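Read through the structure below, which is laid out as structure tokens, and then see the notes.
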Amino acid sequence: MKKELLYEGKAKQVFRSEVERQLILSYKNDATAFNGKKKETFAGKGRYNNLISAQLFEQLAGAGVPSHFIKALNETEQLVEETTIIPLEVVVRNLATGSIVKRLGFKEKTPFQPPLIEFYYKDDALDDPIINDRHALLLTDATDAELDQIKRYALKVNDVLHTFFQTIGVRLIDFKLEFGRNHVGEIILADEISPDTCRLWDIETDQKLDKDVFRQGTGDLLTVYDMILKRLEAVK
Ligand code: 5GP
């Protein structure tokens, strides 16, 4: 049972639950891009992100990556462990596309091996600027050891999900993670992992099966999110 609303973000609401230190994440149908400047509602989007994210967190739990995810409660909600979020967006890139092409001039599809990890400071007013490790230490309360742990987990998530997505004919191009601390101060993976937060390309055709179709206006969001969920359900 949901209790009071604690926080509302662009894509999710966070409610207190009846159990201490457990929260309910409710996935909304809103899609936003460019820091909220483009916005549209897609009936059913919340269901896709909830179910896709739940299955990916289950895969990661099986591979030993600790996260806030406890279980899916229904089609649009999941139960999670209460986490104090560290205000960093941790991006892992396997192939160059998106902001790294615009910002640094990498040729589209340049491979990064080892995968590239970047930190962005999570601050809407500043437009989530890219930062280095020293900035992260100064701007957040994360320690050096915690940043190292976050990077190790980010690479592990990439290994596990890259391999898993291959089994459903999808190439994991890049993605954004968020981490936090649980009530005993351990670093755990939080937020969501979905086509909102990953670039997912069909292995055969390079068709984009993620939020870029909405960001760039090149396709139907619900159609491609449905393709990802259907392929995941087929391997479940
Ligand atoms: P880029 O920096 O190229 O725009 O994004 C890199 C990856 O991180 C993409 O998979 C993108 O979906 C994800 N990402 C980066 N920032 C955000 C953000 O603020 N929100 C969401 N949902 N995803 C993000």
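The basis for the numbers below is simple: all heavy atoms, side chains too, and nothing from hydrogens, waters or symmetry mates. Since this is a predicted model, take the numbers as computed values, not measurements. Indexing begins at 1, ligand by ligand and atom by atom, following the structure's order.
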Which residue and non-hydrogen atom of the protein lie closest to atom 4 (O) of ligand 1, and at what distance in Å? Arg199 NH2, 3.7 Å
Can you check ring pair (Phe, Tyr, Trp, His ring centres under 6.0 Å) on Phe42 and Tyr48, steps first, answer last? CA-CA 11 Å; Phe42 295 90; Tyr48 287 120; over 10 Å; no
Ion pair present between Glu40 and Lys38, side-chain N to carboxylate O less than 4.0 angstrom? no
Please step through side-chain hydrogen bond (donor to acceptor under 3.5 Å, both in side chains) for the pair Thr83 and Asn182, ending with a clear verdict. CA-CA 5 Å; Thr83 308; Asn182 64 12; over 6 Å; no
Angle between ring planes, Phe112 versus Phe106, binned at 30° and 60°: parallel, tilted or perpendicular? perpendicular
Considering non-hydrogen atoms of the protein only, which is the closest contact for atom 14 (N) of ligand 1, and what is the distance? Lys176 CB, 3.5 Å
The one among Asp196, Leu200, Thr32, Thr97 that brings a heavy atom closest to atom 22 (N) of ligand 1: Asp196
Under 4.0 angstrom from ligand 1, any heavy atom of Lys122? no
Is it the case that over 12 heavy atoms from other parts of the model lie below 6.0 angstrom from the NZ atom of Lys109? no
Show the atoms of ligand 1 that are less than 4.0 angstrom away from any heavy atom in Gly98. 3 (O)
Chi angles and distances behind the side-chain hydrogen bond (donor to acceptor under 3.5 Å, both in side chains) call for Asp128, Asn35: CA-CA 9 Å; Asp128 299 343; Asn35 199 5; 5.9 Å; no
Near Glu89 (heavy-atom distance under 4.0 Å), the atoms of ligand 1 are 16 (N), 17 (C), 18 (C), 19 (O)
At under 4.0 Å between heavy atoms, what of Arg215 touches ligand 1? The answer is side chain
Any idea which protein heavy atom is nearest atom 10 (O) of ligand 1, and the distance to it? Asp174 OD1, 2.6 Å
Checking heavy atoms under 4.0 Å, the part of Ala11 that sits near ligand 1 is neither
Please evaluate residues Thr205 and Gln207 with respect to the criterion side-chain hydrogen bond (donor to acceptor under 3.5 Å, both in side chains), reporting the C-alpha separation (whole Å), side-chain torsions for both, the decisive distance (0.1 Å), and the verdict. CA-CA 5 Å; Thr205 64; Gln207 183 187 356; 4.5 Å; no
Take a 6.0 Å sphere around CZ of Arg134 and say whether it holds more than 12 heavy atoms from other residues, nucleotides or ligands. no
With atoms numbered from 1 as shown, which atoms in ligand 1 lie under 4.0 angstrom from a non-hydrogen atom of Asp128? 19 (O)
Output the list of atoms in ligand 1 that are nearer than 4.0 Å to some heavy atom of Phe175, sorted by atom number. 8 (O), 10 (O)
